[in-house]
S.K.: 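Would you mind keeping the following structure in view while I ask a few things?
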Amino acid sequence: MTPAEKIPLLHVAFSMKFPSPKSELRYDTPFQLLIATIMAAQSTDRKVNEINQTLFSICPDAVSMAATDLNTIRDTIKSINYYNNKAKNIHTVSKILLTEHGGTVPSTREELERLPGVGRKTANVVLANAFGQPVMAVDTHVQRVSNRIGLCSTTTPRETEDELIAIIPPGQVADFHHYLLLHGRYTCKARKPECETCPVTHVCDTYKSEK
DNA sequence: AACTCGGGGCA
DNA sequence: TGCCCAGAGTT
């Protein structure tokens, strides 16, 4: 079965497993999505989501975050303040949005990647989920799942991006991301994948070859 | 494209 | 405690 042929089957199976596919990635604004994605880097989701609740209640947009004292931000997110840089980064990002982008989140990769703490993966998340652009954010979950199922032919994220882009279900970039991400996080885990509860073993090259 | 970096989950 | 992981930044 080719990767493209697997897509409809994946979609059906994952739709049942993850009935509200957009819930976790749905933030009110592009700004909150951007900040939440920066926050998510190298952190666990549960903790990040809790912190974001508080963070966004204090500063829901670029204007208020830029005006918030750095120490307040530091204190709010301190349990995931990776390298002690994250607070500084999101503070700086909000100020740059104000001074260089009229208070909005830019919609090109070049502009996004110029922001501190924003790399290719975060940029792609924003492009796909806030602006609906047909790009794929390939993190380690998506890479691993794609390799195991057989949706891509290399372990190089940059090449995997292009192979996945070619088979994105039309109009469903966000869902596609979400399925692959959650599946990798909760079922197709790096250490001990839980094939017993996996909804897509019938499409999975690795499962079939190891069976 | 490969390497570095070092907090946090988990065994 | 020690191994492994996550992605941005660097080379």
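Proteins come first, then strands; the chains are lettered A, B, ... in the order of their sequence lines, and each starts at number 1. Everything numeric in this text was worked out from a predicted model, so none of it was measured.
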S.K.: Please report the distance, rounded to the nearest Å, between CZ in Arg158(A) and P in dA8(C).
M.R.: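 Going from Arg158(A) (CZ) to dA8(C) (P), I get 14 Å.
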S.K.: Would you please say whether a donor-acceptor pair under 3.5 Å links the side chains of Asn147(A) and Gln143(A)?
M.R.: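 Side-chain D/A pair, Asn147(A) to Gln143(A): present.
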S.K.: Dot-bracket notation for DNA chain B is requested: 5' to 3', Watson-Crick or G-U wobble pairs only, both distances under 3.5 Å, with ( ), [ ], | and . as defined.
M.R.: |||||.|||||
S.K.: dG7(C), dG9(B), dA1(B): which one has an atom nearest the side-chain heavy atoms of Thr44(A)?
M.R.: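 Output: dG9(B).
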S.K.: To the nearest Å, how far apart are Asn124(A) CG and dG7(C) C1'?
M.R.: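 Those two atoms, CG and C1', are 13 Å apart.
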S.K.: At 4.0 Å (heavy atoms only), tell me whether Ser79(A) reaches a base, stays on the sugar-phosphate, or touches nothing.
M.R.: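 The answer is sugar-phosphate, as Ser79(A) gets under 4.0 Å only of primed atoms, P, OP1 or OP2.
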S.K.: Arg120(A) near the nucleic acid: base, sugar-phosphate alone, or nothing, with a heavy-atom cut-off under 4.0 Å?
M.R.: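 Here Arg120(A) touches the backbone only, sparing every base.
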S.K.: Please tabulate the protein-to-nucleotide N/O contacts below 3.5 Å involving nucleotides 1-4 of chain C, giving atom names and distances.
M.R.:
unit_1: dC4(C); atom_1: O4'; unit_2: Arg191(A); atom_2: NH2; d: 3.1

S.K.: Output the rounded distance in Å from CZ (Arg109(A)) to C1' (dA8(C)).
M.R.: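 Checked: the CZ to C1' distance equals 15 Å.
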S.K.: Expressed in angstrom and rounded to an integer, what is the separation of Ile80(A) atom CD1 from dA8(C) atom P?
M.R.: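 Nearest whole value for this atom pair: 14 Å.
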S.K.: Just by distance, do the side chain of Glu159(A) and the backbone of Cys152(A) share a donor-acceptor pair under 3.5 Å?
M.R.: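 Checking the backbone N and O of Cys152(A) against the side chain of Glu159(A), no donor-acceptor pair under 3.5 Å is found.
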S.K.: On DNA chain B, compare the nucleotides closest to Lys192(A) and Lys78(A); which residue's is nearer the 5' end?
M.R.: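 Residue closer to the 5' terminus by nearest nucleotide: Lys78(A).
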S.K.: Identify whether any heavy atom of Thr122(A) sits under 4.0 Å from a base atom; if not, whether one sits that close to sugar-phosphate; answer base, sugar-phosphate or nothing.
M.R.: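 Sugar-phosphate only.
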S.K.: Taking the minimum atom-to-atom distance to the side chain of Lys47(A), which one of dG9(B), dG7(C), dA1(B) wins?
M.R.: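 Selected nucleotide (nearest to the side chain): dG9(B).
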S.K.: How many Å lie between CG on Asn85(A) and C1' on dA8(C), as a whole number?
M.R.: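 Checked: the CG to C1' distance equals 10 Å.
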S.K.: Please report, rounded to the nearest Å, how far the P atom of dT4(B) is from the CD atom of Gln42(A).
M.R.: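 Those two atoms, CD and P, are 16 Å apart.
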